[in-house]
Structures are given as structure tokens and as C-alpha cells.
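Notes follow the structure.
This structure is a prediction, so every number in the text was calculated from the model and none was measured.
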Amino acid sequence: MAGSEGDKRRRNMKPRGPGQQNPGAPEPGQQNPGAPEPGQEPHESAFPPTFSVSQIKNKQRRHFMFIRLKQERRKEKLAVKKKRKKERDALGDKAPPKPVPKTIENQRIYDETTVDPTDEEVQYDEATDEFAPYFNKQSTPKILITTSDRPRGRTVKFTQQLSTVIPNSHVYYRRGLALKKIIPQCIARGFTDLIVINEDRKVANGLILSHLPEGPTAHFKMSSVRLRKEMKRKGKDPTEHQPEVILNNFSTRLGHSIGRMFASLYPHDPQFTGRQVATFHNQRDYIFFRYHRYIFKSEKKAGIQELGPRFTLKLRSLQKGTFDSKYGEYEWVHKRHEMDTSRRKFHL
């Protein structure tokens with residue numbers, strides 16, 4: 001039996017005496033070949049030049065080595081940064097200017113339609129386009145905000161909060177009425193703009209902005225919608241003061257038209273006592289909307305407090321005239337496979 005043979009071997013084994021050592025262990029005067037020399041600190045194992053973390057099959061070990069590799073790279077980057085700072089401090093005024101980091105924005109492909117505000121043709125277009133009555137202070141913005149049919153709770157809350165950041169705006173629900181029938185009623189009641197919030201699967205995913213009575217109409221994809229209760233460190237609800245408006249980075253002819261369309265939603269004379277700002281920031285053809293209240297901390301410093309809501313827009317099309325999905329004439333349509341051939345090509 002296997003058990004009886006094992007018992008015999010254990011009985012035949014001689015106990016190791018106090019002076020005897022393990023055969024594989026080093027002698028008393030001999031040092032372990034893998035141990036560091038006296039006075040020398042134990043060194044960490046360095047990564048081989050052809051090391052790849054993805055070759056490690058154990059998931060936990062791979063994750064540990066990846067974090068360690070990132071830490072080593074961060075230390076190297078920080079050491080180079082400190083070295084350059086010492087060199088610049090040593091040179092003083094003779095130090096060369098700091099290099100400008102390369103970004104997609106400053107490496108942007110030049111667009112032929114980039115707007116020059118001093119151009120006579122641009123000034124003539126601004127004086128004769130659909131927004132000229134607003135910029136000549138001949139009309140006061142009056143906005144109608146509505147939704148798609150049967151909106152859900154979150155879209156309804158977003159619509160209500162959007163009306164609090166756009167002065168003189170009114171919320172009405174569709175009740176199955178077509179947009180072609182809504183637009184004549186808006187014109188008859190003196191509305192200057194129509195905003196439609198579309199939703200899909202209880203999430204707001206589209207915005208239609210139509211300037212009345214002659215257009216144009218812009219269709220946007222909407223994403224990253226955040227309500228006030230979903231935001232961290234939000235301030236109190238906005239007051240009824242008319243906010244200031246900031247439009248950033250609308251540099252092309254198309255972007256200029258979109259910027260003027262957003263500007264026409266707000267009254268001309270902001271009430272500075274409210275210290276509220278509505279920002280439309282264009283970056284890589286994504287339009288980020290933020291609503292802040294600024295607070296003066298000193299003569300040179302000011303703090304900002306986001307009030308909400310926030311969302312992001314992506315232009316899909318710009319149509320001449322009011323909304324007409326069947327017979328409308330489009331000025332610009334975003335065709336992704338034809339237009340987005342380069343990451344450095346932007347349209348706004």
C-alpha cells in the first residue's frame with residue numbers, strides 16, 4: 001500500500017542534528033549570491049527595454065505592473081521638468097521663450113471661410129441678414145420652448161430649467177400638433193424664436209432652433225445633459241436678471257451665423273447686478289453651454305459658480321427659412337464620411 005510505504009520512509013529518515021545544515025544552503029562564511037553586498041541598498045528590478053505589460057497573463061500582476069510603469073514615467077517627466085526650470089532660472093532674462101504645446105486647435109487646417117470682422121462683405125451681410133432687426137435693436141427676443149410629443153419627466157424638467165436661463169421664454173407642450181402648424185401661430189403671437197427639445201428613450205438628444213419669421217433653422221444633436229440637482233457644488237437658482245452672453249470660437253462664416261443665432265436669444269442690455277453669464281463655447285465643433293454666476297473676491301480676483309443646467313450641442317444641419325423637413329432648402333448639412341476626413345478640420 002502507498003500509505004504503508006510512506007510511513008516506512010518517515011521512520012527511516014534520520015533527524016537533522018543541531019550542527020547540520022540544509023544541503024542547498026550556503027556555508028556559514030559564504031554569502032548568498034542573490035543578496036546585495038554589505039553597505040549596498042537592495043535595488044529594484046528595472047524594466048527590460050523590450051518589456052510590454054500586455055505580455056503578462058496574470059490580470060492582477062498586469063494591473064500592478066501597469067500602475068508601476070505609469071509611476072516611473074511620471075517621475076521621469078517630473079525630473080525633466082525640474083531640470084528645465086532650473087536651467088531657465090539660471091539663465092534669467094536670457095532664457096528662451098517657452099515652447100507652445102501642439103494641440104488639435106492650434107494645428108487646425110485653415111478654413112477659407114474664416115470671418116474677418118473688418119471685411120466690407122461681412123459687414124454688409126450682417127446688416128442685411130435675418131438677425132439685423134435684432135442687432136439694430138428693432139425687435140425684442142421672445143422665445144417659445146416646446147418638446148416632442150409626450151415628453152418624459154427628465155425632459156420636462158430640463159425644458160423648465162432652460163426657460164429660467166433664457167429671459168422672456170415661454171414653455172408650451174405640443175399635444176400632438178405639427179411644427180408647421182406651430183410656426184404660424186408663433187409668428188402671429190410675436191415670438192422671435194422657436195426651440196424644440198427632442199428626446200429618445202426618455203433622454204433629450206436633439207434641439208431645433210428656428211428664428212422667426214424668416215429663419216434660418218438649425219438642427220443640433222444634444223448630449224451630456226445635466227440638470228441642477230445632478231451637478232456638484234452648484235449655486236442657488238438663477239435670478240430673473242438678464243444675463244451677459246459670451247460667444248467663443250465661432251470663427252468661420254457658418255460659425256458666425258450660428259453665433260448670431262444664439263446671441264439673438266438674449267436681450268441687448270444685460271443687468272450686471274445679477275452677475276450672471278450664459279456661455280456658448282465652441283471647441284472642435286462641439287458647442288458647450290454653461291450658465292454661471294461670478295463673485296468678486298478682490299479687485300483682481302473673481303470666482304465663478306455654475307448654476308446649471310449644462311449641455312453640449314453638435315450642429316447637424318442649417319436650413320434656410322423656417323422648419324420644413326420635406327421641401328426645405330439646406331445651406332449646410334453635416335456629412336460625416338465626406339467632411340470628417342481629418343481630425344484637424346473644423347467647420348465652426
Should [X] and [Y] count as side-chain neighbours, where that means a heavy-atom distance under 4.5 Å?
| X | Y | value |
| --- | --- | --- |
| N168 | P141 | no |
| P216 | F131 | yes |
| L318 | V333 | no |
| N282 | L247 | no |
| R226 | P309 | no |
| R152 | R201 | no |
| K81 | K77 | no |
| L209 | L265 | yes |

Please check if the distance between the ring centroids of [X] and [Y] is under 6.0 Å.
| X | Y | value |
| --- | --- | --- |
| H268 | Y134 | yes |
| F220 | F262 | yes |
| F64 | F66 | no |

Of all heavy-atom pairs between [X] and [Y], which one has the smallest distance, and what is that distance?
| X | Y | result |
| --- | --- | --- |
| Q319 | T322 | NE2-O, 3.5 Å |
| A218 | I258 | CB-CD1, 4.3 Å |
| V277 | P243 | N-CB, 4.4 Å |
| V122 | V115 | CG1-CG1, 3.7 Å |
| H347 | D285 | N-OD2, 2.9 Å |
| F346 | D111 | O-OD2, 3.5 Å |

Is there a side-chain hydrogen bond (donor to acceptor under 3.5 Å, both in side chains) between H241 and T239 once you walk through the steps?
CA-CA 6 Å; H241 295 88; T239 60; 2.8 Å; yes
Parallel, tilted or perpendicular: rings of F280 and F289 (30°, 60°):
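The arrangement is tilted - the two ring planes meet at 30° to 60°.
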Counting neighbours of [atom1] on [X] that are heavy atoms of other residues, nucleotides or ligands and sit closer than 6.0 Å, is the number greater than 12?
| X | atom1 | result |
| --- | --- | --- |
| E120 | CD | no |
| R84 | CZ | no |
| Y110 | OH | yes |
| R150 | CZ | no |

Test your reading of the model: is there a side-chain donor-acceptor pair from [X] to the backbone of [Y], 3.5 Å cut-off?
| X | Y | result |
| --- | --- | --- |
| T146 | Y172 | yes |
| T159 | T155 | yes |
| S342 | R344 | yes |
| R62 | I56 | yes |
| T192 | K142 | yes |
| R293 | R275 | no |
| T217 | G321 | yes |

Before accepting this row, confirm whether a basic side-chain N of the pair [X]/[Y] lies closer than 4.0 Å to the acidic partner's carboxylate O.
| X | Y | value |
| --- | --- | --- |
| D340 | K345 | no |
| E329 | K320 | yes |
| E230 | R154 | yes |
| D125 | R253 | yes |

What's the separation between atom [atom1] in [X] and atom [atom2] in [Y], rounded to the nearest 0.5 Å?
| X | Y | atom1 | atom2 | result |
| --- | --- | --- | --- | --- |
| I182 | F191 | CD1 | CZ | 11.0 Å |
| L144 | L212 | CG | CG | 8.5 Å |
| F311 | Q161 | CZ | CD | 11.5 Å |
| F288 | N249 | CZ | CG | 11.0 Å |
| S223 | L207 | OG | CG | 11.5 Å |
| T279 | R310 | OG1 | CZ | 12.0 Å |

Let me see the working for Y286 and L313 under side-chain contact (heavy atoms from CB on, under 4.5 Å), right down to the final yes or no.
CA-CA 6 Å; Y286 287 92; L313 300 175; over 6 Å; no
With H334 as reference, evaluate K221, K314, R316 under the side-chain hydrogen bond (donor to acceptor under 3.5 Å, both in side chains) test and give the passing residue.
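The side-chain hydrogen bond (donor to acceptor under 3.5 Å, both in side chains) with H334 is passed solely by R316 among K221, K314, R316.
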Would M222 end up clustered with V156 when hydrophobic side chains under 4.5 Å apart are linked, directly or stepwise?
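Same hydrophobic cluster.
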Does the side chain of [X] pick up a donor-acceptor pair with the side chain of [Y] at under 3.5 Å?
| X | Y | result |
| --- | --- | --- |
| T103 | N106 | yes |
| Y291 | Q276 | yes |
| Y294 | E244 | yes |

Go through the steps to decide whether R228 and T164 satisfy the test side-chain hydrogen bond (donor to acceptor under 3.5 Å, both in side chains), and finish with yes or no.
CA-CA 12 Å; R228 290 194 183 109; T164 62; 2.6 Å; yes
